[in-house]
Amino acid sequence: MIDGTVNIPIGAEKVYLFDSTLRDGEQTPGARLNYDEKVEVARQLARLGVDIIEAGFPVSSPGEMKAVQAIARQIKGPAICGLARAVKGDIDAAWEAIKEAEQPRLHVFLGASDIHMRHKFNMEPAQVLEQGVEAVKYASCFTDDIEYSPEDATRANEEYLYELLEAVIKAGARVINIPDTVGYAVPEEFGALIGRLRENVSGMDKTIISVHCHNDLGLAVANSLEAIKNGARQIECNINGIGERAGNASLEEIAVALRIRQNYFSYYTDLNFSEIYRTSRLVSKLTSISVPVNKAVVGLNAFSHSSGIHQDGVLKNKETYEIIDAELIGGSAAQMCLTARSGRHAVHDQLIKLGFTLNKEQLDIIYEHFVSLADKKKEVHPEDLEALVLDHLSAAEPRYKLDYLQTVSGSKSVPAAVIRLRKEDDSTIEEVAVGTGPIDAAYNAINKITGLNIGLEKYSINAVTHGRDALGEVQVYMSYQDRTITGRGTSTDIIEASVKAYLNGLNKLLRINGNG
Ligand code: KIV
Ligand code: ZN
């Protein structure tokens with residue numbers, strides 16, 4: 001099936017999609033989202049139609065708790081899940097964060113492999129089993145919807161796993177998740193493990209079996225699909241496959257594989273496929289983690305053909321070299337451009353088409369930014385408008401805001417920058433610095449203001465649309481002590497975009513360090 005037609009075969013079973021972009025995905029080095037960004041991603045995940053959103057790890061910081069709470073209150077449709085280690089404090093925090101959701105789920109995890117038990121906890125397997133059981137019993141005081149994960153299951157002793165899972169099921173776990181925490185498994189072996197767990201763990205037939213695959217060997221999607229064939233009915237996965245180290249299984253790849261190869265896998269998901277492209281873009285922009293051009297399903301090249309033979313074939317009939325229609329994932333929706341003459345109504349309308357739900361105050365701000373952009377650019381493309389909204393979300397609650405910027409550069413002058421930043425208490429600080437170029441000088445001036453010796457690991461700039469008046473989008477990868485953080489900023493002036501990206505990263509860093 002090449003187009004978007006859904007033909008669910010009679011007897012096909014549903015596979016639940018558990019999205020962990022906001023939890024395991026946010027553990028990608030540098031990928032920190034603020035409160036507004038997290039809520040926006042959750043809103044889009046609901047629109048995408050995932051079944052469960054793992055919104056975060058509430059005990060980790062007050063900021064995380066606040067964001068998960070907001071998601072639980074505002075996002076309707078999917079179940080909202082909070083992660084907790086198998087200890088009371090974590091479970092209390094997770095429940096506090098998710099209790100107002102339509103369908104709250106507690107996800108409790110504890111290491112199960114000898115390596116984890118010995119080196120992380122210095123505990124005997126029997127003690128770990130007891131702790132897991134106690135945690136599930138405690139969680140069941142709050143809800144019936146409890147998921148249990150024996151972390152590093154694929155390197156655990158299998159007989160021990162049987163015993164542990166039987167015990168946590170008896171204690172009240174309704175979903176048993178088998179994590180391949182370090183991406184060690186290979187498909188046939190992993191599928192067989194899921195099959196044996198189904199057969200040998202008493203009570204497993206009353207649970208939903210879930211899998212959570214990491215991509216260290218590039219096998220996360222293949223392992224997840226093999227697990228489905230062997231009885232898994234919930235897949236934990238992330239948009240664009242982001243996550244710890246090499247990432248997690250990519251949600252869009254799994255869903256599209258099940259859909260395109262329905263003749264092989266007789267399963268379906270409830271995903272709104274036409275929201276895939278927008279979700280991928282949103283997550284990539286807000287986390288500043290770009291999607292590789294050759295990434296399956298959502299990469300820039302996934303639907304382009306360069307060889308003459310392929311182009312010729314596709315022109316004659318798309319099916320010659322294309323198994324997925326870009327329209328299936330919402331990749332080709334044409335939208336109109338706005339100009340300086342477009343009014344609030346047209347801007348609002350376009351924002352709705354782009355999938356943003358803004359309140360009046362946000363709309364006023366975006367409209368103001370739109371007017372000033374439309375003064376500089378002949379046409380404001382949907383991508384420009386999207387960039388304005390994302391900039392607004394990313395700039396929420398900043399510790400430092402750009403108040404004034406001036407740079408000097410030229411073939412015969414020493415590059416220099418004057419920067420004035422406004423702090424939360426409305427006071428301002430100004431500094432002057434020189435550098436190897438105007439951007440370096442501006443970054444040096446910011447470091448002087450904050451007194452932090454922040455390093456710049458990576459810098460990239462792209463045009464949001466085409467033409468000389470295009471918005472420039474800068475992404476930076478910054479380091480401070482043992483932390484890395486990403487930042488992004490846009491402007492028609494690339495030096496201003498660079499400074500905005502640096503400030504975006506800086507504000508995230510300060511929030512993390514200040515635990516907020
Ligand atoms: O990779 C892992 O084991 C996890 C668990 C918390 C499920 O992320
Ligand atoms: Zn994980």
Side-chain angles (χ1 to χ4, degrees), residues 15-28 31-33 35 37-46 48-61 63-86 90-91 93-110 139 142-143 145-151 173-181 208 210-214 220 224 232-244 247-252 254-255 269 271 279 283 286-287:
V15 170
Y16 289 82
L17 292 173
F18 175 114
D19 181 278
S20 186
T21 306
L22 291 172
R23 201 278 297 169
D24 223 346
E26 216 203 353
Q27 286 174 221
T28 311
R32 274 295 179 140
L33 299 174
Y35 174 95
E37 292 169 330
K38 278 196 128 193
V39 175
E40 188 58 34
V41 170
R43 191 170 288 125
Q44 178 59 24
L45 290 171
L48 177 65
V50 305
D51 299 287
I52 303 109
I53 295 175
E54 187 166 52
F57 184 28
V59 81
S60 65
S61 75
E64 180 82 340
M65 163 71 87
K66 231 173 93 190
V68 178
Q69 242 163 5
I71 292 170
R73 286 179 187 142
Q74 295 177 33
I75 307 302
K76 306 295 169 205
I80 306 296
C81 176
L83 182 69
R85 287 167 298 189
D90 280 31
I91 296 169
W95 180 248
E96 189 54 35
I98 61 167
K99 66 182 181 194
E100 290 177 48
E102 274 178 348
Q103 304 170 62
R105 172 178 295 183
L106 283 172
H107 180 186
V108 177
F109 76 102
L110 183 60
F142 302 114
T143 176
D145 196 348
I146 300 165
E147 170 169 334
Y148 190 85
S149 288
E151 196 188 8
R174 294 285 167 269
V175 179
I176 294 295
N177 180 45
I178 305 301
D180 183 23
T181 304
I208 292 182
S210 166
V211 293
H212 174 111
C213 299
H214 279 268
S224 306
R233 291 293 175 269
Q234 175 181 288
I235 301 297
E236 301 201 355
C237 41
N238 296 347
I239 301 298
N240 300 336
I242 62 170
E244 283 274 6
N248 291 57
S250 144
L251 183 143
E252 61 280 2
I254 290 169
T269 67
L271 211 67
T279 317
V283 169
L286 290 180
T287 56

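A pairwise comparison of heavy atoms in Ser224 and Ala220 identifies OG-O, 2.7 Å as the closest pair. Heavy atoms only, all atoms of each residue included: Gly82 and Ile98 are closest at N-CG2, 3.7 Å. The heavy-atom pair separating Pro179 from Ser149 by the smallest distance is CG-CB, 3.9 Å. A pairwise comparison of heavy atoms in Ala255 and Leu271 identifies CB-CD2, 3.6 Å as the closest pair. Nearest approach of Asn248 to Glu244, heavy atoms of both residues: OD1-N, 3.9 Å.
Looking at heavy atoms from C-beta onward, Leu110 lies out of side-chain contact with Pro150 at the 4.5 angstrom threshold. Inter-residue side-chain proximity for His212 and Ile178 is flagged as unmet; no heavy-atom pair is nearer than 4.5 Å. Side-chain contact between Thr21 and Leu251 is absent, with no heavy atoms from C-beta onward closer than 4.5 Å. Between Ile53 and Phe18 the shortest side-chain heavy-atom distance does not fall below 4.5 Å. Counting only heavy atoms from C-beta outward, the side chains of Leu83 and Asp24 never approach each other to under 4.5 Å.
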- prompt: Step by step, would you call Glu96 with Lys99 a salt bridge (charged side-chain N to carboxylate O under 4.0 Å, His left out)?
  reply: CA-CA 6 Å; Glu96 189 54 35; Lys99 66 182 181 194; 3.1 Å; yes
field: Check against side chain to side chain contact (heavy atoms under 4.5 Å, CB included), Gln44 and Thr279
entry: CA-CA 6 Å; Gln44 178 59 24; Thr279 317; 3.0 Å; yes
query: Stepwise, does the side chain to side chain contact (heavy atoms under 4.5 Å, CB included) test hold for Ile146 with Val175?
result: CA-CA 6 Å; Ile146 300 165; Val175 179; over 6 Å; no
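Remark: Lys66 pairs with Tyr35, Glu397 by the side-chain contact (heavy atoms from CB on, under 4.5 Å) rule, at least two apart or across chains. A search for side-chain contact (heavy atoms from CB on, under 4.5 Å) contacts involving Thr287 returns Ala31, Leu33, Ile242, Val283, Ile289, not counting sequence neighbours. The ring pair (Phe, Tyr, Trp, His ring centres under 6.0 Å) test applied to Tyr16 returns no partner, not counting sequence neighbours.
Judged by distance alone, the side chain of Thr143 and the main-chain N or O of Asp145 form a donor-acceptor pair under 3.5 Å. In this structure, Glu54 contributes its side chain and Ile80 its backbone to no donor-acceptor pair below 3.5 Å. With Asn238 contributing its side chain and Ser20 its backbone, the two residues share a donor-acceptor pair below 3.5 Å. One N or O on the side chain of Thr28 and one on the backbone of Gly243 form a donor-acceptor pair closer than 3.5 Å. In this structure, Gln234 contributes its side chain and Val211 its backbone to no donor-acceptor pair below 3.5 Å. Proximity of a side-chain donor or acceptor of Glu64 to a complementary backbone N or O of Phe57 within less than 3.5 Å is detected. With hydrogens and angles disregarded, no donor-acceptor distance shorter than 3.5 Å links the side chain of Glu102 to the backbone of Ala72. Side chain of Lys38 to backbone of Ala55: a donor-acceptor contact under 3.5 angstrom is found. No side-chain donor-acceptor contact under 3.5 Å links Asp90 to the backbone of Ala84.
With rounding to the nearest 0.5 angstrom, the OG atom of Ser210 is 15.5 Å from the CZ atom of Arg174. Once rounded to the nearest 0.5 Å, the distance linking SG of Cys81 with CD of Gln103 reads 11.5 Å. One finds the CG atom of Asp51 at 6.0 Å from the CG atom of Leu17 (value rounded to the nearest 0.5 Å). Distance check, rounded to the nearest 0.5 Å: CD1 of Ile75 to CD of Glu40 gives 8.5 Å.
By the 30° and 60° cut-offs, the orientation of the rings of Trp95 relative to Phe142 is parallel.
Classification of Glu147 and Arg105 as a salt-bridged pair holds, one side-chain N sitting under 4.0 Å from a carboxylate O.
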